[in-house]
Amino acid sequence: MQIKKLPFLLAAFMFVAPFLSFASDSIAEPAHINGQSEEVAKDEKKAKINAYIKHHLKDTHDFHLFSNERTGKHYGFPLPVILWDDGLHFFMSSAFDHGHKLAESKGNYYKLHHGKIYRTEADGELTYDHSEAKHSEHGGETSVKSHIEEVSGGHAEENKDHGHPTNIVPLDFSITKNVFNIFFIGLLVFLIFSSVARGYKKGLAPKKAAKFFEPLVLFVRDEIAIPNIGEKHYRKYMGFLLTAFFFIWMVNLFGLTPLGVNVTNNIAVTGALALMTFFITQFTSKKDYWLHIFWMPGVPYPMRILLAPIELLGVFIKPFALMIRLYANITAGHIVLMSLISLMFIFDNIGAKGAFYGLTIFLSIIELLVAFLQAYIFTMLSALYFGMAVEEHDAH
Amino acid sequence: MDLFKEFSVGLFFWQTLLFLILLFLLRKFAWKPILKAVTDREESIEEALEQADKAREEMKKLQSDNEEIIREARVERDAILKEAREIKASIIDEAKTKAGEEGAKMIEQAKEQINNQKMAAITELKNQVAEMSITIAEKVLSKELESKDKQADLVNKQLNDFKLN
């Protein structure tokens with residue numbers, strides 16, 4: 001009985017999740033700073049929100065849930081840091097204390113700056129390519145900007161005055177928040193679908209969760225794989241298409257939860273997925289595919305020479321577009337959604353707050369659709385490219 | 001470009017690794033059994049439908065067969081009844097003719113017997129009458145010829161008769 005309700009509960013949770021995000025965001029609502037003029041407070045608020053959105057979209061080395069500004073405390077849990085810097089370095093991200101401390105491992109010192117890990121000397125100083133301005137996290141500056149960096153955990157907007165650190169950047173294989181999430185979601189997807197698969201052992205009729213997921217599996221097979229790849233070849237691509245579809249969808253849905261986990265708005269994630277599509281396309285392609293790239297049949301010879309570089313470029317542009325599309329759609333959705341939430345805090349008018357609340361709900365529902373749509377588009381286009389790779393052309 | 005400066009090699013590495021592991025595991029433990037179950041079910045449904053169609057067809061055929069059999073049986077029954085009726089009629093007819101013949105024969109025999117007995121009776125009667133006539137004649141004659149006169153009369157008379165002739 002409990003398990004029967006699971007899909008509905010899950011769906012219900014996904015549905016209300018975007019609204020819950022107010023809860024965690026409101027905790028981070030800037031407190032009024034005494035002794036400052038109204039104008040400065042407002043500017044600061046705007047800058048802070050801007051920083052908060054950017055921070056929210058970035059990957060971090062700890063799992064940050066929310067912060068209490070008054071006490072300067074961050075709630076969440078640390079994640080392991082794994083570095084390759086002439087040997088393996090392993091320590092928990094709590095060693096950084098949100099960028100306030102240096103982490104020492106095997107005689108090397110590491111500093112967390114703007115979400116990136118740099119190797120420093122024991123004094124923890126970073127050198128910048130614009131050396132006139134020195135940046136110090138420990139300084140007692142009271143300017144608006146440094147205050148923002150303090151409250152947002154030191155990952156605020158890239159400060160152009162300071163330039164970029166020239167310190168050595170070790171290869172960072174840390175289990176960051178995003179890595180933690182993809183593993184969590186991967187596990188979830190595996191648990192869901194292996195249990196769905198086990199359900200079929202008792203009989204061919206779908207049971208429990210399978211009732212919800214089977215139509216989606218069939219959707220991928222009948223609406224995505226078969227029309228684009230063809231009845232003959234679609235089977236060998238089903239594994240990738242199903243995995244990509246459900247992984248991207250789940251990841252997108254989790255991105256809408258108040259946990260603030262945005263994985264698909266990271267170019268590395270979408271890049272990895274698109275690259276997978278690229279390699280599968282190339283490695284499973286048939287002779288016809290390459291023939292149509294380098295020596296397009298049915299067009300005059302000079303045109304063939306002209307078409308070859310264009311087609312070859314297309315081979316790389318296709319997965320590149322896949323990567324950018326998913327990344328940009330999800331990132332844009334998050335920025336708009338978070339901006340709308342933030343607008344509620346900027347406007348003092350109760351009517352405006354209500355209007356933005358309604359707008360946020362509306363946009364959350366749209367984002368729920370986008371989460372599915374982007375998973376669908378990614379899978380659909382992958383299937384289309386696979387279809388091109390295995391297509392058997394009749395004589396032109 | 002800011003976009004590619006932010007590209008995280010670590011995240012890329014983990015994502016690729018995770019996805020490959022996930023792909024392998026799901027393929028083995030989820031997609032294959034699920035798709036197989038779904039295909040099996042689709043096939044079994046198709047097969048069941050086909051069989052139902054076939055059964056319906058067979059039923060129809062069976063029904064028409066049944067009707068044919070019933071029709072044939074009815075025809076046969078009618079034929080048998082008709083034959084029985086004919087046999088009955090012929091038996092009765094035969095019996096009647098036989099009885100008639102027998103009756104006629106018996107009547108004939110009876111008639112013959114009656115005739116025979118009648119003849120016998122007539123003969124006996126004739127004999128007795130002849131005897132009686134003789135006796136009577138004897139007695140008459142004896143009485144007639146008691147006197148001489150009477151004898152002479154008679155002879156005369158007889159003689160007269162002869163003369164006439």
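Letters go in sequence order (proteins before strands), and every chain restarts at 1.
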Rounded to the nearest 0.5 Å, what separation is found between the CG atom of Leu18(B) and the CD1 atom of Ile185(A)? 9.5 Å

Output for pair (Phe183(A) CZ, Ile21(B) CD1), nearest 0.5 Å, gives 5.5 Å

May I ask you to check whether over 12 heavy atoms, not counting those of [X], lie within 6.0 Å of atom [atom1]?
X         : atom1 : result
Lys236(A) : NZ    : yes
Glu94(B)  : CD    : no
Glu57(B)  : CD    : no

Quick one: which of Leu17(B), Asp40(B), Val38(B) has the most heavy-atom pairs under 4.5 Å with chain A, could you say?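 Looking at each option in turn, the highest pair count goes to Val38(B).
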
By a 4.5 Å heavy-atom criterion (distance strictly below it), what part of [X] contacts chain B: side chain, backbone, both, or neither?
X         : value
Ser194(A) : both
Ala244(A) : both
Ile182(A) : both
Val217(A) : side chain
Phe240(A) : both

Are a donor atom and an acceptor atom from the side chains of Trp31(B) and Thr243(A) found within less than 3.5 Å of each other? yes

So, do Ile34(B) and Arg221(A) sit near enough that their side-chain heavy atoms are less than 4.5 Å apart?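 They are not in side-chain contact.
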
Do Arg198(A) and Phe29(B) have side-chain heavy atoms sitting under 4.5 Å apart?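 In short, these two side chains do not touch, never coming nearer than 4.5 Å.
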
Heavy atoms of Leu20(B) and Met276(A) approach each other most closely as CD2-SD, 3.9 Å

Which atom pair, heavy atoms only, marks the closest approach of Phe12(B) to Ala268(A)?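 Distance-wise, the nearest heavy atoms are CD1-O, 3.4 Å.
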
Answer yes if the ring centres of Phe24(B) and Phe190(A) are under 6.0 angstrom apart, and no otherwise. no

Of Asp172(A), Val179(A), Ile267(A), the residue whose pairing with Leu11(B) passes side chain to side chain contact (heavy atoms under 4.5 Å, CB included): Val179(A)

Check the pair Ile175(A) / Trp14(B) against side-chain contact (heavy atoms from CB on, under 4.5 Å), numbers first and verdict last. CA-CA 8 Å; Ile175(A) 307 297; Trp14(B) 287 116; 3.7 Å; yes

With a 4.5 Å cut-off on heavy-atom pairs, point out which of Leu273(A), Leu242(A), Val189(A) contacts chain B the most.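 That would be Leu242(A).
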
For [X], which atoms come within 4.5 Å of any heavy atom of chain A: side chain, backbone, both, or neither?
X        : value
Arg27(B) : side chain
Phe13(B) : side chain
Leu35(B) : side chain

Please lay out, stage by stage, how Gln15(B) and Phe247(A) fare under the test side-chain contact (heavy atoms from CB on, under 4.5 Å). CA-CA 11 Å; Gln15(B) 170 64 32; Phe247(A) 180 77; 3.4 Å; yes

